[in-house]
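Below you'll find the structure, written out as structure tokens, and then a few comments.
Hydrogens, waters and symmetry mates are skipped; everything else that's a heavy atom, side chains included, is used. If you're wondering where the values come from, they're calculated on a predicted model, not measured in any experiment.
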Amino acid sequence: MSAEAEVLDELRRLRARVPQISGALAASADGLVLAQDTTSAEGESVAALTAAALGVAVRLTETTGQGAFRELLVRGEHGYVATYAAGRSAVLTLLAQPRTNVGRLHLEARRSSTRIGELVDGALERQESP
């Protein structure tokens, strides 16, 4: 199974564990879609916006002495957008309904982002090895 297929499988498992997630996207830190499990066709736009938000969030955590970026949560009128660091070069972005239990969302998303980070970083290491 390829890393992309495994990442997609992880996104699907995450959505099964937290049914209030309406969309899940794994992307590179520079905004390229790696895998998505969403009914929306806006994955590329969300990945690009995530990269922009990530740039601000990284700068904010570094400037304020909070260390490396870990996660970002935005609450809108119709739900949440949550982004989590996934290894050295990827992020996990989730769209969640307003009635989502945010604690549960964080718990499950942190687990999935760790797994996705392992998959993506492992695939990159295999590509770089001769």
Pair R13 + E10, salt bridge at N-O below 4.0 Å | yes
Determine, stepwise, if the pair V33 / L25 fulfils side chain to side chain contact (heavy atoms under 4.5 Å, CB included).
-> CA-CA 7 Å; V33 175; L25 171 83; 3.8 Å; yes
Quick check against the 3.5 Å criterion: does [X] have a side-chain atom that pairs as donor or acceptor with the backbone of [Y]?
{"X": "T61", "Y": "A68", "result": "no"}
{"X": "R104", "Y": "R17", "result": "yes"}
{"X": "R15", "Y": "D37", "result": "yes"}

Where is the tightest heavy-atom contact between [X] and [Y], given as atom of each residue plus distance?
{"X": "V91", "Y": "S28", "value": "CG2-O, 4.3 Å"}
{"X": "A27", "Y": "L34", "value": "C-CD1, 3.7 Å"}
{"X": "L11", "Y": "A26", "value": "CD1-N, 4.0 Å"}
{"X": "S22", "Y": "T38", "value": "O-OG1, 3.9 Å"}

Hey, quick one: are I21 and L95 part of the same hydrophobic cluster, counting side-chain heavy atoms closer than 4.5 Å, chains of contacts allowed?
-> no
Apply the side chain to side chain contact (heavy atoms under 4.5 Å, CB included) test between L94 and each candidate in V18, T100, V81, L105; give the one that qualifies.
-> L105
Qualifying side-chain hydrogen bond (donor to acceptor under 3.5 Å, both in side chains) pairs with a residue from residues 75-98, counting only residues at least two apart or across chains = T50-T93, T83-T93, Y84-H106, R88-E125, Q97-R99
Contacts of R70 meeting side chain to side chain donor-acceptor pair (under 3.5 Å) (sequence neighbours excluded), chain-then-number -> none
